[in-house]
2 protein chains.
Amino acid sequence: MHDTTTPSRLDALKVACSACNLRELCLPVGLSDDELSSIDSIIGTRRTVRRGESLFHAGEAFSALYAVRTGFFKTVVSAADGREQVTGFQMAGELIGLDGISTDHHSCDAIALEDSQVCMIPYSQLETLSREVMLLQHQFHKIMSREIVRDHGVMLLLGSMRAEERLAAFLLNLTQRLQARGFSASALVLRMTREEIGSYLGLKLETVSRTFSKFQEEGILEVKQRDIRILDQNALQRVVNAANC
Amino acid sequence: MHDTTTPSRLDALKVACSACNLRELCLPVGLSDDELSSIDSIIGTRRTVRRGESLFHAGEAFSALYAVRTGFFKTVVSAADGREQVTGFQMAGELIGLDGISTDHHSCDAIALEDSQVCMIPYSQLETLSREVMLLQHQFHKIMSREIVRDHGVMLLLGSMRAEERLAAFLLNLTQRLQARGFSASALVLRMTREEIGSYLGLKLETVSRTFSKFQEEGILEVKQRDIRILDQNALQRVVNAANC
DNA sequence: CGTAGTCTTGAACTGCATCAACCAATGTGG
DNA sequence: CCACATTGGTTGATGCAGTTCAAGACTACG
């Protein structure tokens, strides 16, 4: 199974997909050992991105997708007039860069919100391999489709929800994803500023701050800067489902 | 029922992709004749959808994508509480149903806004064929990625633009797509109601109506119900790029 | 320890929603 | 073919959610 030569520094740096604890998030289940090691072979480089630095910028040539190993990212699209919109926050096990396939150039910036590590997935190799490994092809399509469905959900949020509903939905979504990664469902540390949350939710930072305060007054949350404790998850859920009453 | 020599009614109904005038919109360029006819072979059924009827509903099992041949569609996502959001309008040459890949069930409704025809593309066959035809695989990925990029643009619109900017951007987008299909860049007939435009743009129908009237007063548009004539395209463009001044 | 970045809170403003009336176009049954 | 209903669109008056502007507090970090 493992080779007999002495492990080099490079080997130590590189953790194979087959041994990665994020496997269930990235890869299809039911792969053979052969298929798994083919995938291992194309995930060449790991890359470290320090807080505030970019993985890529809009306009840069697209060549690879990135799977977040550790850390936290935001993706931002910019209009010609300077307006910016955060289009998503990505955590461990999530894929960044799908936008680049469309034109061979990235259409957004991907910025690390804390020191992070990503696995680089050269896109041409992914296409080649997914022609051979049916399950990989299908999984990749599902991931792209899931991104489309997610975006539609955000459009619903931006198009028809009020500030409290947006923030509640945002928090529930975050905790759900954190919980899937083994973290608490009730305590979280925000990696992004109020302004970034606001940009994502189509609100101003002051509105985000006020809404946090309101939830705290109502006993739904405990808010200490970026430390959030959810005291009443059901109440949050009720806020989201409130419609317009 | 039908012999192999004389063309049957069925043959008459079916227009091969290789002969379709929407080809450049759907398919990659540079395919061999063999590859083209493989693609022809999987585009089995054509389907007619009358105005107001659905191509599919959220929750239904996903089995195929649909390429619009003629007509006009909207896609709508619904929240548990009944809120609805139009996530897109699709015209000839555009693909509907990518959302279904994610969970094997559709996550939105697709409704015809006028009598329409679609080409059914069985998804499993598309996956099989795209493992063999590299260009098809790549084109398919580009189409999914393009949808993601488009959605991000809508998020920017919904998150940070004002009513006039949204409507101007919407009209420019529509005319651009119509122009790519050989229609006039300055005259268009809206296929959707003010309410549907409003839902897409995150506005109420009254606001859409008022904004149309405002553009008319300013001499940018001529509005007669659903007949729109663009008198000053540059002015529309300026409205979009206005930022917040 | 001070300076910059982030967050909170207050007060006033405004763009869009809401409510409501009316109009135009289209369809329906007598 | 006309009275009537229905659907979609326009316009006005009013209200409010969220923005804007501004000031102060907390935190982190060189």
Side-chain angles (χ1 to χ4, degrees), chain A residues 50-52 74 83-86 111 113-115 157-171 189-218 221-228 239 242-245, chain B residues 50-52 72 74 83-86 111 113-115 157-168 170-171 189-218 221-228 239 242-245:
Chain A
R50 301 240 159 264
R51 176 191 169 145
K74 67 170 176 180
R83 259 184 293 230
E84 292 192 345
Q85 173 76 23
V86 171
I111 313 282
L113 296 181
E114 59 182 3
D115 293 354
L157 179 145
L158 290 170
S160 64
M161 288 185 165
R162 305 192 303 97
E164 294 165 38
E165 298 165 350
R166 295 183 198 191
L167 188 61
F170 170 71
L171 289 172
V189 179
L190 299 175
R191 256 71 228 221
M192 67 295 278
T193 67
R194 302 290 192 259
E195 187 168 21
E196 286 160 341
I197 297 172
S199 172
Y200 182 61
L201 298 178
L203 302 169
K204 292 290 149 182
L205 69 95
E206 295 94 329
T207 306
V208 174
S209 180
R210 274 183 243 274
T211 308
F212 269 127
S213 300
K214 181 155 186 284
F215 284 163
Q216 185 161 234
E217 281 161 29
E218 290 170 347
L221 298 181
E222 191 184 312
V223 183
K224 281 183 194 154
Q225 304 285 115
R226 296 194 182 180
D227 289 339
I228 309 289
V239 170
N244 50 1
C245 313
Chain B
R50 302 239 158 264
R51 175 190 170 143
F72 211 89
K74 66 170 176 180
R83 261 186 291 229
E84 292 192 345
Q85 173 76 23
V86 171
I111 313 281
L113 295 182
E114 59 182 4
D115 294 355
L157 179 146
L158 290 171
S160 64
M161 288 186 165
R162 305 190 301 97
E164 294 166 36
E165 297 165 351
R166 294 184 198 191
L167 188 62
F170 170 71
L171 289 173
V189 180
L190 299 175
R191 255 70 230 222
M192 67 295 279
T193 67
R194 302 292 192 256
E195 187 168 22
E196 286 160 341
I197 297 172
S199 173
Y200 182 61
L201 299 179
L203 302 168
K204 292 291 149 182
L205 68 95
E206 294 95 328
T207 306
V208 174
S209 180
R210 273 183 243 275
T211 308
F212 270 127
S213 301
K214 182 157 185 281
F215 285 162
Q216 185 163 233
E217 281 162 28
E218 290 169 346
L221 297 181
E222 191 182 312
V223 182
K224 281 184 193 153
Q225 304 286 114
R226 296 193 181 181
D227 289 338
I228 310 289
V239 170
N244 49 2
C245 314

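Each chain gets a letter, A, B and so on, in the order the sequences are listed, and its residues count up from 1. Here the structure is a predicted model, which means the values were calculated and not measured.
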Please determine whether a side-chain nitrogen of the Lys or Arg among A:R210 and A:E206 lies less than 4.0 Å from a carboxylate oxygen of the Asp or Glu.
no

Which angle, rounded to 10°, do you find between the first-five-pair axis and the last-five-pair axis of the helix from C:dC1-D:dG30 to C:dG30-D:dC1?
40°

From the list C:dT9, C:dG15, D:dT11, which nucleotide is the closest neighbour of the side chain of A:S213?
C:dT9

If you count the non-hydrogen atoms of other residues, nucleotides and ligands that lie under 6.0 Å from CD in B:E195, is the total more than 12?
no

For atom NZ of A:K214 and atom C1' of C:dG10, their distance in whole Å
17 Å

I'd like to know if B:R83 and A:E165 make a salt bridge, using a cut-off of under 4.0 Å between side-chain N and carboxylate O.
yes

Passes side chain to side chain contact (heavy atoms under 4.5 Å, CB included), B:F212 versus B:L190? Steps please.
CA-CA 12 Å; B:F212 270 127; B:L190 299 175; 3.8 Å; yes

Just the rounded figure in Å: distance from P of C:dC19 to CG of B:L205.
13 Å

CZ (A:R226) with more than 12 external heavy atoms under 6.0 Å:
yes

Could you run down nucleotides 25-30 of chain D 5' to 3' and tag each one B, S or - for protein heavy-atom contact under 4.0 Å?
------

Could you tell me how far apart A:R194 (CZ) and D:dG18 (C1') are, to the nearest whole angstrom?
17 Å

Separation of atom CZ in B:R210 from atom P in C:dC23, rounded to whole Å:
17 Å

Between B:F212 and A:G202, the residue closer to the 5' end of DNA chain D by nearest nucleotide is B:F212

For the base of C:dT8, is there a side-chain donor-acceptor partner from A:R226 under 3.5 Å away?
no

Of B:R51, B:R191, B:R50, the one forming a salt bridge (charged side-chain N to carboxylate O under 4.0 Å, His left out) with B:D115 is B:R50

B:D227 has an atom CG; how far is it from atom C1' of C:dA24, in whole Å?
14 Å

Spacing of A:M161 atom CE relative to D:dG18 atom C1', expressed in whole Å:
17 Å

